[in-house]
Amino acid sequence: MKTSIFGKFSVLFTIIIVLSSILSCVLMYNFVEKYAVDSRREDIYIAIDDLEVMFIQYMVSYNNGVTESGEWSSDSAREDCEDKLKRFSERIQFYHKQLDADIYVSQDDGKLLFSYPYLPNVDTLVAAEYLPKDVYTKLISVNEEGEVAYYFGEKQQFFTGNMEDVVVDENGFSENMGDFYGLYANREAEFFTVSKILHFTYPDTQSAVQAGKITFCSSLDYVNEARSTVLRYFIISTIIAIAAELIVILTVTRRITQPIREVEHLTKDLAKGNYKGKIEKSSNDEIGGLIDSYNNLAIELAALEKMRNDFIAAVSHELRTPMTTIRGFVDGMLDGVIPPEKQEHYLTVIKEEIIRMNALVNDLLDMARLQSGAVQLDIQHHDIVNIIHGIVAKLEPIITEKDINIVYNINYDKCIIFADKPSIERVLINLIQNAVKFTPSGGIITLSMRKSGQLVYVSVEDNGVGIAAEELPFIFERFYKIDKSRGLDKKGTGLGLAITKSIIDAHEQTIKVTSKLGEGTKFTFTLQGKDS
C-alpha cells in the first residue's frame with residue numbers, strides 16, 4: 001500500500017509533538033508539586049512563627065494573671081488574657097481558611113490545648129465548625145475517672161525530643177508528608193504537615209522549657225487540582241499543536257508534492273520517448289533544483305535521441321553507399337555485364353571500399369570504447385617534443401606527396417607531459433592528416449608548443465581552405481564532414497575529430513579550434529605538464 005508524504009510527515013511530527021508534550025507535562029507535573037509544596041511550606045512557616053508569638057503572649061498573660069491558688073489576680077488581668085486568647089483563636093481561624101489546614105496546639109504529652117476546626121464538647125469558644133468525625137474520634141481518650149480529653153494518638157505526632165523518624169531542625173521545625181502517622185488515613189488526599197516545638201520562659205526564670213507544639217496539617221488537594229489543570233492545558237495545547245501541524249504539513253506537502261507528481265507523470269512520458277514536457281519552476285529551493293534537473297534531463301535526452309537518430313542515419317548512409325557499390329560490381333561480374341578483362345579494376349575498387357568500411361567499423365568501435373570508459377589510459381611521463389617529431393616522421397610520405405612544408409614553433413628541447421602516449425599520437429595523427437588533406441600543395445603546416453603553469457598547449461595550424469564560421473560548432477560531432485562533396489576527403493569516415501575530442505576529454509583536458517574560410521585552421525589542445 002502506497003503511503004503519501006503527507007501521511008509520513010503527519011505521523012512523524014504527531015509522534016514528536018506528543019512525545020514532547022508528554023516530556024514537558026511530566027516535568028511541569030513534578031515542578032507544580034514541588035512549587036506548590038515549597039510555596040505552602042513557606043506560608044506555613046510564617047503562620048506558625050506568628051501563632052507562636054501570640055500563643056506565648058497568651059501564656060505569659062495567663063501565668064502572670066493567675067495566682068498560686070488558681071484565681072485571677074485582677075479583672076484586668078483576666079480580660080487581658082481572654083483578649084489574647086480571642087485574638088489567638090481568630091488568627092488560627094484565619095490561617096485555617098487561608099492555608100486550608102487543620103491547626104493543633106498540643107502539650108508535651110500530646111494533650112490538645114487548642115485546635116481549629118474545633119473539637120466537640122470542648123469548653124472553648126462557641127464552635128462554628130468541628131474537625132471531621134473520622135479525625136477527632138482518633139483523638140478521644142477517656143481516663144480512669146471517665147473524663148474525656150483529646151490527645152494525639154501517635155507519639156510521633158507530639159514528641160518534642162529526638163527520634164529517628166522525627167527530624168527536627170535547629171529552629172524546632174519538623175515535616176511529614178502523607179497521613180500524619182495515620183491521623184488522616186481515611187482521606188484520599190495526602191497531607192503536608194509542619195510542626196514547631198514551642199519554647200516558653202516562665203516568670204522569674206531564665207531558662208526556656210518546651211511547652212508543646214503547634215502543628216499545621218494542610219491538604220494537598222490543591223496540588224492535585226494544579227496537576228489536573230496542567231494536564232488539561234497540556235492536552236488542549238497538544239491537540240491544538242497537532243491540528244496546526246497537520247494544516248501546515250498539508251500546505252507544505254502539497255507545495256512539495258505537486259512538482260514531484262509532475263515529474264513522476266512526465267518521467268513516464270520520457271520513458272515513452274516524449275521529451276517535450278517541461279515543468280514551470282516556482283521556487284529556488286531543492287524542489288526548484290529538482291525541476292531544473294528534470295528540465296535539463298529532458299533537454300539532454302532530446303538531444304541524445306536526436307544524436308542517436310542522426311548517428312544511425314549517418315552510419316546507415318556510410319555503410320549503404322560502399323555496400324551498394326560492392327553489390328553492383330559483384331552483380332555485374334556475376335551477370336557478365338563486366339567483362340573479365342575489366343574485373344581486376346573493379347575488384348580493386350571493391351577492395352578500397354572494404355578497407356574504408358573496415359576503417360569505419362574500427363573507428364566506430366574506438367569511439368564507443370572511448371565514450372563508455374572501456375579504454376583504460378596508461379598515464380606515464382612522456383616527452384611531447386619527441387612525440388611530435390616522431391608523428392611527423394611517420395606521416396612524412398603523405399606530407400612529401402603534397403609538398404607540404406612543416407614549420408616547428410617549439411622553443412624547448414624537451415617537455416615532459418602526463419598522458420597515454422598511443423592516444424596522444426592518434427590525436428596528432430588525426431589533426432596533421434586533416435591539415436594535409438585541406439592544405440593545397442606547397443602549403444604550410446605549423447606545429448607549436450608552449451607551457452603555461454602546469455598546462456602544455458599543443459597547436460596544429462595550416463593555411464588551407466579553412467572552415468566556415470557556421471560549421472565550427474559541429475566539427476567534433478560524429479560523421480560530420482566539412483567537405484560534404486568528398487572533393488578533398490574521399491576516404492574519411494567523419495569520425496577522426498570526434499575520436500580526437502573523446503581522447504582529450506578522457507585526459508580531462510580541452511581542445512579548441514579557430515578558423516577563417518580561405519585562410520586556414522588552427523587546432524589547440526592542452527595536456528598536463530610536469531612542474532618546472
Side-chain angles (χ1 to χ4, degrees), residues 47-96 101-131 133 135-161 166 168 171-174 183 194-217:
I48 289 178
D49 285 338
D50 183 33
L51 289 178
E52 178 186 23
V53 172
M54 298 185 71
F55 179 73
I56 291 174
Q57 288 176 348
Y58 162 72
M59 292 295 294
V60 170
S61 176
Y62 179 83
N63 285 303
N64 289 337
V66 176
T67 63
E68 293 182 0
S69 60
E71 297 179 356
W72 291 100
S73 60
S74 64
D75 290 338
S76 61
R78 178 178 55 81
E79 291 174 357
D80 179 67
C81 185
E82 290 176 350
D83 180 64
K84 285 181 169 56
L85 176 61
K86 181 179 178 181
R87 289 170 55 202
F88 178 71
S89 298
E90 290 174 347
R91 190 63 60 87
I92 284 180
Q93 294 180 49
F94 170 77
Y95 285 130
H96 162 73
D102 296 342
I103 304 170
Y104 305 93
V105 179
S106 61
Q107 293 180 338
D108 288 351
D109 59 357
K111 183 177 181 180
L112 296 176
L113 299 176
F114 300 97
S115 74
Y116 195 89
Y118 296 120
L119 294 163
N121 303 319
V122 175
D123 293 331
T124 56
L125 301 177
V126 178
E129 55 182 310
Y130 293 107
L131 283 168
K133 186 176 180 180
V135 174
Y136 73 71
T137 53
K138 296 176 184 178
L139 303 174
I140 295 175
S141 178
V142 181
N143 62 17
E144 296 178 354
E145 288 77 19
E147 296 176 344
V148 176
Y150 292 95
Y151 286 85
F152 276 135
E154 295 291 335
K155 191 173 183 180
Q156 293 91 335
Q157 294 169 350
F158 65 87
F159 186 74
T160 56
V166 179
V168 181
N171 296 316
F173 284 98
S174 61
L183 184 60
V194 178
S195 299
K196 184 178 183 183
I197 299 172
L198 297 175
H199 292 87
F200 173 68
T201 304
Y202 284 97
D204 301 325
T205 65
Q206 298 297 323
S207 59
V209 296
Q210 295 180 4
K213 272 187 176 182
I214 295 179
T215 301
F216 274 60
C217 297

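Index from 1, following the sequence. Because the structure is predicted, anything quoted here is derived from the model rather than measured.
In terms of heavy atoms, Gly153 sits closest to Leu139 at N-CD2, 4.3 Å. Annotation for Gly212 and Asp108: closest pair N-OD1, 2.9 Å, computed over non-hydrogen atoms. Nearest heavy-atom pair across Glu52 and Ile197 is OE2-O, 4.2 Å. The two residues Leu112 and Ser106 have their closest heavy-atom pair at CD2-CB, 3.9 Å. In this structure, Gly65 and Ala77 approach most closely via the heavy-atom pair CA-CB, 3.9 Å.
In this structure, Gln107 CD and Phe152 CZ are separated by 12.0 Å, a value rounded to the nearest 0.5 Å. Here the straight-line distance linking atom CE of Met54 with atom CD of Gln57 works out to 7.0 Å at 0.5 Å rounding. If you take CG on Asp75 and CG on Asp80, they are separated by 12.5 Å, rounding to the nearest 0.5 Å.
In this structure, Ile92 and Leu51 have side chains that are in contact, with non-hydrogen atoms separated by less than 4.5 Å. Residues Ile140 and Tyr150 have side chains in contact (heavy-atom distance under 4.5 Å, counting atoms from C-beta outward). The shortest side-chain heavy-atom distance between Val166 and Phe158 does not fall under the 4.5 Å cut-off. Taking 4.5 Å as the limit, some side-chain heavy atom of Gln93 sits within range of a side-chain heavy atom of Tyr118.
Within a 6.0 Å sphere centred on NZ of Lys138, heavy atoms belonging to other residues, nucleotides or ligands number more than 12.
Listed for the Glu71 side chain is no donor-acceptor partner under 3.5 Å among the backbone atoms of Thr67. A side-chain donor-acceptor contact under 3.5 Å links Ser89 to the backbone of Leu85. In terms of modelled atom types and a separation under 3.5 Å, the side chain of Lys213 and the main chain of Phe159 share a donor-acceptor contact. At least one donor-acceptor pair under 3.5 Å links the side chain of Asp109 to the backbone N or O of Lys111.
Listed by chain and residue number, Phe55, Phe114 satisfy the ring pair (Phe, Tyr, Trp, His ring centres under 6.0 Å) test with Phe88 (two or more places apart in sequence, or in another chain). Tyr151 meets the ring pair (Phe, Tyr, Trp, His ring centres under 6.0 Å) test with no other residue; sequence neighbours excluded. For Ser195, the side-chain hydrogen bond (donor to acceptor under 3.5 Å, both in side chains) criterion is met by Thr215, not counting sequence neighbours.
Relative ring orientation between Tyr62 and Tyr58 is described as tilted, the plane-to-plane angle lying within the 30° to 60° band.
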Decide side chain to side chain contact (heavy atoms under 4.5 Å, CB included) for Leu131 and Tyr104; before the verdict, give the C-alpha distance in whole Å, the side-chain angles of both, and the deciding distance to 0.1 Å. CA-CA 11 Å; Leu131 283 168; Tyr104 305 93; 3.6 Å; yes

Worked check of side chain to side chain contact (heavy atoms under 4.5 Å, CB included) between Leu183 and Glu154: CA-CA 8 Å; Leu183 184 60; Glu154 295 291 335; over 6 Å; no

With side chain to side chain contact (heavy atoms under 4.5 Å, CB included) as the test, would you mind laying out the steps for Ile56 and Leu198 before giving the verdict? CA-CA 8 Å; Ile56 291 174; Leu198 297 175; 5.5 Å; no

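Between Glu82 and Arg78 there is a salt bridge, since a side-chain N of the basic residue sits under 4.0 Å from a carboxylate O of the acidic one.
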